[in-house]
2 protein chains.
Amino acid sequence: MFSQTVEYALRAVVFLAHKAPNPGICEDIALGTKVPRPYMAKVLQGLVKAKILRSQRGLGGGVTLNIEPEHLTLLQVINAVDPVKRITTCPMDLASHGMNLCPLHRRLDNALATVEQAFGSTTLAEVLSEQNGSIPLCEFPPRRMPLQQINPPVLSRKKSWHNLPKSGKS
Amino acid sequence: MFSQTVEYALRAVVFLAHKAPNPGICEDIALGTKVPRPYMAKVLQGLVKAKILRSQRGLGGGVTLNIEPEHLTLLQVINAVDPVKRITTCPMDLASHGMNLCPLHRRLDNALATVEQAFGSTTLAEVLSEQNGSIPLCEFPPRRMPLQQINPPVLSRKKSWHNLPKSGKS
DNA sequence: CTTGAATAAGACTATTTTGTCCAATATCTT
DNA sequence: AAGATATTGGACAAAATAGTCTTATTCAAG
């Protein structure tokens, strides 16, 4: 139903949110989300292109959430990498149907609408804050070591890289 | 979101329902649903294998609905050709999650559940009876010539072929 | 019993999706 | 300026899906 790419993109975004506003490097993200590294790189590119992430090359770089979790919906992420294709015109292009979908396609599209609505109204922040026993992506929720094990601290990074010039578009 | 195969299978079933309990031949179905004939043949096979259709070889044969439209849900058709894959265990197989999906996958699965529910509670009969302006698949609902143009009558068929021996498996 | 109409089944091709690899480029640190 | 670290981008490989074609098999009717 949902493509792998969507799965991976959502995982990446959740992962990034965990360590926002710090950047994450592809290697870590791939490891932490159990996605093949080279493929994660490609997915990340898509998210950057859609302005959902912002990327920074070089030492201390990586990709960072470009939208606050409170304002980023799951639908935005999905649409960035593999858009939900609503049915707007008759797929059989029967001239007579036009905008007026037949009952069959009406129901198909309704299902899509429901999905769209569900993900469109769910923010990343909501996913993160929901405590239902398992923390998103992360091994053990109630225990001590939430991220460090999967995503070992890079102690060499001392300062400076978390307040890079916001890089507004100009 | 939905595969082509699902689309085609649903079209075929709706088409068949229109002319039930008479059988339809692949050629007609493909034409009437605007699906490439050879591919329709394959989709039909899947539906036969799932016992949703029954097939009859030879002259006067074709495929027939094997379940009354009142009892056939769209979900059955979908699952026959391209099953909805609910998320039952953590896709990242984090040992600790097990049955307990994290919020992210919980929402993904909820969406699937919603879709499953929607199609599971919709029967073919409902789709057929719904008059919302366009008849399912068919060009013009309020006019005279509903099926005949798309699916020209085979006058040579005189009798006998609609009460063929139910063809129980032995 | 032969023939024509129809499905069944499998091999085969093409396209899309998924996944991999490597070279080029950008950026920070020293 | 040099070197290390990251993303970018394109070429490539593998797998799944979509679509095609050909050859059986089956059945009814003459």
Side-chain angles (χ1 to χ4, degrees), chain A residues 1-9 12 16 22-31 33-49 53-64 66 81-83 85 91 154 156-165 167, chain B residues 1-9 11-12 16 22-31 33-50 53-64 66 81-83 85 91 154 156-167 169:
Chain A
M1 202 67 155
F2 299 103
S3 67
Q4 281 297 89
T5 307
V6 162
E7 247 282 337
Y8 294 168
L16 257 325
N22 296 351
I25 70 176
C26 183
E27 170 85 14
D28 287 349
I29 303 172
L31 237 51
T33 57
K34 302 207 178 179
V35 173
R37 263 155 298 172
Y39 198 63
M40 177 53 86
K42 191 171 284 186
V43 173
L44 257 18
Q45 276 182 44
L47 293 174
V48 167
K49 210 162 295 173
L53 302 182
R54 150 176 30 111
S55 67
Q56 178 69 24
R57 290 184 175 185
L59 222 185
V63 295
T64 319
N66 200 23
V81 295
D82 190 5
K85 282 173 284 296
V154 180
S156 54
R157 291 172 183 174
K158 300 186 197 68
K159 52 157 206 295
S160 78
W161 51 269
H162 65 271
N163 52 7
L164 5 108
S167 86
Chain B
M1 199 68 157
F2 298 104
S3 66
Q4 281 299 90
T5 306
V6 163
E7 247 282 336
Y8 294 168
R11 288 189 201 174
L16 258 322
N22 296 350
I25 70 175
C26 183
E27 171 84 14
D28 287 349
I29 303 172
L31 238 49
T33 56
K34 302 209 177 180
V35 174
R37 262 156 297 174
Y39 198 64
M40 176 52 87
K42 189 172 284 187
V43 173
L44 257 18
Q45 277 182 45
L47 292 174
V48 168
K49 208 161 294 171
L53 303 182
R54 151 176 29 112
S55 68
Q56 179 69 23
R57 290 184 176 185
L59 224 187
V63 296
T64 319
N66 200 24
V81 296
D82 191 5
K85 283 174 283 296
V154 180
S156 53
R157 291 172 183 174
K158 299 185 198 67
K159 52 156 208 302
S160 79
W161 52 271
H162 64 273
N163 51 9
L164 5 105
K166 278 286 189 181
S167 92
K169 54 204 56 178

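These numbers come from a predicted model, not from an experiment. Quick note on labels: first sequence line is chain A, next is B, and so on, each numbered from 1.
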- Can you sort out the partners of B:A9 under side chain to side chain contact (heavy atoms under 4.5 Å, CB included), two or more places apart, ordered by chain and number?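 With neighbours one apart ignored, the set is B:V43, B:L47, B:V77, B:V81.
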- Note on the structure: By side chain to side chain contact (heavy atoms under 4.5 Å, CB included), A:E7 pairs with (sequence neighbours left out) A:R11, B:P91, B:H105
By nearest atom, which of the nucleotides [options] is closest to the [X] side chain?
{"X": "A:K49", "options": "C:dC28, D:dG9, D:dT8", "result": "D:dG9"}
{"X": "A:P38", "options": "D:dT8, C:dC21, D:dT25", "result": "C:dC21"}
{"X": "B:S55", "options": "D:dC27, C:dT7, D:dT7", "result": "C:dT7"}

Rounded to whole angstroms, how far apart are [atom1] on [X] and [atom2] on [N]?
{"X": "B:R37", "N": "D:dT22", "atom1": "CZ", "atom2": "P", "answer": "13 Å"}
{"X": "A:R57", "N": "D:dA6", "atom1": "CZ", "atom2": "P", "answer": "14 Å"}
{"X": "A:L47", "N": "D:dT7", "atom1": "CG", "atom2": "C1'", "answer": "14 Å"}
{"X": "A:R54", "N": "D:dT8", "atom1": "CZ", "atom2": "C1'", "answer": "18 Å"}
{"X": "B:I25", "N": "D:dC27", "atom1": "CD1", "atom2": "P", "answer": "18 Å"}
{"X": "A:E27", "N": "D:dA6", "atom1": "CD", "atom2": "C1'", "answer": "11 Å"}
{"X": "B:L59", "N": "C:dT2", "atom1": "CG", "atom2": "P", "answer": "18 Å"}
{"X": "A:L44", "N": "D:dT8", "atom1": "CG", "atom2": "P", "answer": "8 Å"}

- Describe the nucleic acid contact of A:P36 in one word from base, sugar-phosphate, nothing, applying a heavy-atom distance below 4.0 Å.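 Sugar-phosphate contact only.
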For the residue pair [X] and [Y], what are the closest heavy atoms and their distance?
{"X": "B:V63", "Y": "B:S55", "value": "CG1-CB, 3.9 Å"}
{"X": "B:L44", "Y": "B:A12", "value": "CD1-CB, 3.9 Å"}
{"X": "B:M40", "Y": "B:Y8", "value": "CE-O, 4.0 Å"}

- Summary of protein contacts for nucleotides 10-17 of chain D, nucleotide by nucleotide, where a base hit scores B, a sugar-phosphate-only hit scores S (4.0 Å, heavy atoms): -B------
- Task: Look at the side-chain N and O atoms of A:Y8 and state whether any lies under 4.0 Å from the OP1 or OP2 oxygen of C:dG19.
- Result: yes
- Between A:Q56 and D:dT5, does any side-chain N or O lie under 4.0 Å from OP1 or OP2?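 Result: no.
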- Side-chain heavy atoms of B:R37 within contact of B:E27, under 4.5 Å: yes
- Task: For side chain to side chain donor-acceptor pair (under 3.5 Å), just list the numbers for B:D82 and B:S3, CA-CA rounded to whole Å, side-chain angles, deciding distance to a tenth of an Å, and then say yes or no.
- Result: CA-CA 8 Å; B:D82 191 5; B:S3 66; 2.7 Å; yes
- On DNA chain D, check which nucleotide each of A:G58 and A:A41 is closest to and give me the residue with the more 5' one.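 Its nucleotide being nearer the 5' end, the pick is A:G58.
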